[in-house]
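Counting starts at 1 for both ligands and their atoms, in listed order.
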Amino acid sequence: MPQTPLPPALHDALVQLLGPSGVLTNPADTEAFCVDWRALYHGRCAAVLRPANTEECAKAIALCHAHNVPMVPQGGNTSMVGGATPDSSGHAVVISTTRMNQIHSIDHADLTMTVDAGVTLKAAQDAASAQGLLLPLSISSEGSADIGGILATNAGGNNTVRYGNARELALGLEAVLPDGSVLNLMRKLRKDNTGYALRQLLVGSEGTLGIITQAVIQLQPAPRSRETALCAVESPKGALDLFAAFRKQDPSAIHAFEYMSGTSMALVNSLIEGAALPLEAPAPAYVLVELASPRADDSLRTLMEYVLGTALEDGLVTDAVLAESESQRQGLWMIREEHAEAQKRAGASVKNDVSVPLAAIPTFIEEATKACEALIPGIRVAPFGHIGDGNIHFNLVQPEGADAAAFLAQDHAMMDAVAEIVRKLGGSFSAEHGVGQLKTYMMPSWRGGAELQTMRRIKAALDPQNLMNPGKVLPPA
Ligand code: FAD
Ligand code: MLT
Ligand code: ZN
């Protein structure tokens, strides 16, 4: 498709500012920035801008603002909701943060890391780990997703059950607002009640209020003991009862508590090389539990053996395997982390990243399964996710051999059927992936009235020309 050119004066000013490699306009170079990870959205852009620091980013944004050019912030481009993909008009520029990739410092007194937005989560985790510390946020896309994207989406993941979402980890933040002004909130303070919480407003705003350029991230002491087990259970209720059993003994020891349905696990085992189920036989459902502690003693082993031993005796757990080495631990995690990839390989899928109160999870899974099976015979209902947070990825995979496009044409029917059950149970239609462009249509009925109106007022105050990530989060007025 032909490229929509930038106004020549803007193009020249941007090349002078960012250098030729900082302004990509050749469609062969920009194409990958215009398609999302799920390949649901195929947009176009006038250019991809790649600033190397805050100053370049601020000046580039000021130039685009002056020329009325829409801007789409992009980090690792792993959004599940099309949040970082431009629309098909070709007028917008993508602003990629990948060249802003310095880790500035690690502070052992405050346990913080000061880091650029374009550092991948994995690189930041590794830097913390090299200094005996833990960056306590982990998601399967961490090799690509970056700090800016993590904060912009308020990402959750496997360790949220212990440390909270990205929001809880952001002690400080720097962002460039849609007019190019720099908001410097890079304070390292745990206590700071000085006016509105602008930092928290930027976190989770999905690139609609500005571009995050730097952050101060809260770290933790690195675990010196870990115990990881994969358990077979009979049902979601069994998984929740097991969670309660661990929580009763020591909630602070639970580092991760992940649920996988039998259907979802079977897809991983059949579609991912080297992902064999390390248990005697397939089960209706599974839990991956990880305990961790900065203590180096064997108290976690005692805890794990006590809870699992009792659960096996009671029939709550029907089989279990405990990791006896780091490589076995990684093998168990690989099985969990490949769920999204396995579902991608299985064909078209519709993702419902929902949360409900913990007690409602069994009812939710049962009712939503029935509703989807009634809607599309042969559909593969493959839920999994962060059950300790009440967050189920109620993902729906097309019937085997079905036409992918015909299946996806019914995405709203499936999402709405699931959402109505979620609504009845007091949950949310997006627990961690955000709204992006995929779920804007749900905002009026879920967040309408004064809530949506307040969001629109905030957007209009910071971005009156609607230039920053237009079409995301907020539906057209
Ligand atoms: P992008 O995809 O590039 O952007 C995401 C959104 O943030 C867009 O709206 C974009 O405009 C905006 N944005 C990006 N960078 C900035 C910035 N610097 N300033 C302002 N706005 C910005 N998410 C979870 O929460 N938990 C999971 O467990 C999880 N697992 C995943 C597993 C897989 C295999 C994949 C593919 C995705 C998963 N995700 C998960 C979703 C995704 O990885 C997260 O939303 C992640 O935080 C996005 O980071 P990113 O750098 O790729 O952002
Ligand atoms: C995950 O937790 O692996 C992702 O958030 C899930 C998804 O594919 O929906
Ligand atoms: Zn997830």
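- The backbone and the side chain of Asp146 each have at least one atom closer than 4.0 Å to an atom of ligand 1 (non-hydrogen atoms only).
- The shortest distance between side-chain heavy atoms of Asp146 and Val119 does not fall below 4.5 Å.
- Proximity annotation for atom 27 (C) of ligand 1: of Lys472, Glu432, His393, Gln343, Glu432 comes nearest, heavy atoms only.
- Within the 4.0 Å heavy-atom cutoff, His386 counts among the residues contacting ligand 1.
- Contact analysis leaves Val72 out of contact with ligand 1, as no non-hydrogen atom separation drops below 4.0 angstrom.
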Inset, instruction - Could you walk me through whether His393 and His339 pass the ring-ring contact (aromatic ring centres under 6.0 Å, His included) test, one step at a time? - result: CA-CA 10 Å; His393 297 303; His339 275 244; over 10 Å; no

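- At a heavy-atom cutoff of 4.0 Å, ligand 2 is contacted by the side chain of His433 but not by its backbone.
- The side chain of Asn469, and not its backbone, has at least one atom closer than 4.0 Å to an atom of ligand 1 (non-hydrogen atoms only; side chain from C-beta on).
- Taking atom 30 (N) of ligand 1 as the reference point, the nearest protein heavy-atom neighbour is Ile139 CB, 4.0 Å.
- Aromatic rings from Tyr163 and His255 are positioned such that their centres are separated by under 6.0 Å.
- At distances below 3.5 Å, not a single donor-acceptor pair connects side-chain atoms of Asn466 with backbone N or O atoms of Pro470.
- Between Glu373 and Lys370 no salt bridge is recorded (no basic side-chain N to carboxylate O distance below 4.0 Å).
- Taking atom 12 (C) of ligand 1 as the reference point, the nearest protein heavy-atom neighbour is Ala152 CB, 3.8 Å.
- Looking at Leu18 and Arg50, their side chains never come closer than 4.5 Å, going by heavy atoms from C-beta outward.
- Every heavy atom of Ser144 sits 4.0 Å or more from the atoms of ligand 1.
- Between Arg38 and Glu341 there is no salt bridge, since no side-chain nitrogen of the basic residue lies less than 4.0 Å from a carboxylate oxygen of the acidic one.
- When the heavy-atom distances from atom 6 (C) of ligand 1 to Asn159, Asp36, Thr153 are ranked, the shortest goes to Thr153.
- The proximity of Asn395 to ligand 2, defined as any non-hydrogen pair under 4.0 Å, is limited to the side chain.
- For atom 42 (C) of ligand 1, the nearest protein heavy atom (residue, atom name, distance) is Thr78 OG1, 3.2 Å.
- Counting heavy atoms closer than 4.0 Å to ligand 1, residue Pro73 contributes atoms from both its backbone and its side chain.
- Within the 4.0 Å heavy-atom criterion, neither part of Glu258 lies near ligand 2.
- Under the 3.5 Å distance criterion, with hydrogens and angles disregarded, no donor-acceptor pair is assigned to the side chains of Gln343 and Ser349.
- Remark: of the listed residues Met415, Lys439, Arg423, Glu420, Lys439 is the sole one forming a side chain to side chain contact (heavy atoms under 4.5 Å, CB included) with Phe429.
- Proximity annotation for atom 1 (C) of ligand 2: of Glu337, Arg336, His339, Glu432, Arg336 comes nearest, heavy atoms only.
- For atom 49 (O) of ligand 1, the choice among Gly385, Gly210, Ala145 with the nearest heavy atom turns out to be Ala145.
- When the N, O or S atoms of Glu432 are ranked by distance to the Zn ion (ligand 3), OE2 comes first.
- Here His386 contributes NE2 and His393 contributes NE2, and at the Zn ion (ligand 3) these two atoms make an angle of 100°, given to 10°.
- Residue-to-ligand polar distances place Ser79 within reach of ligand 1: an N/O pair is separated by less than 3.5 Å.
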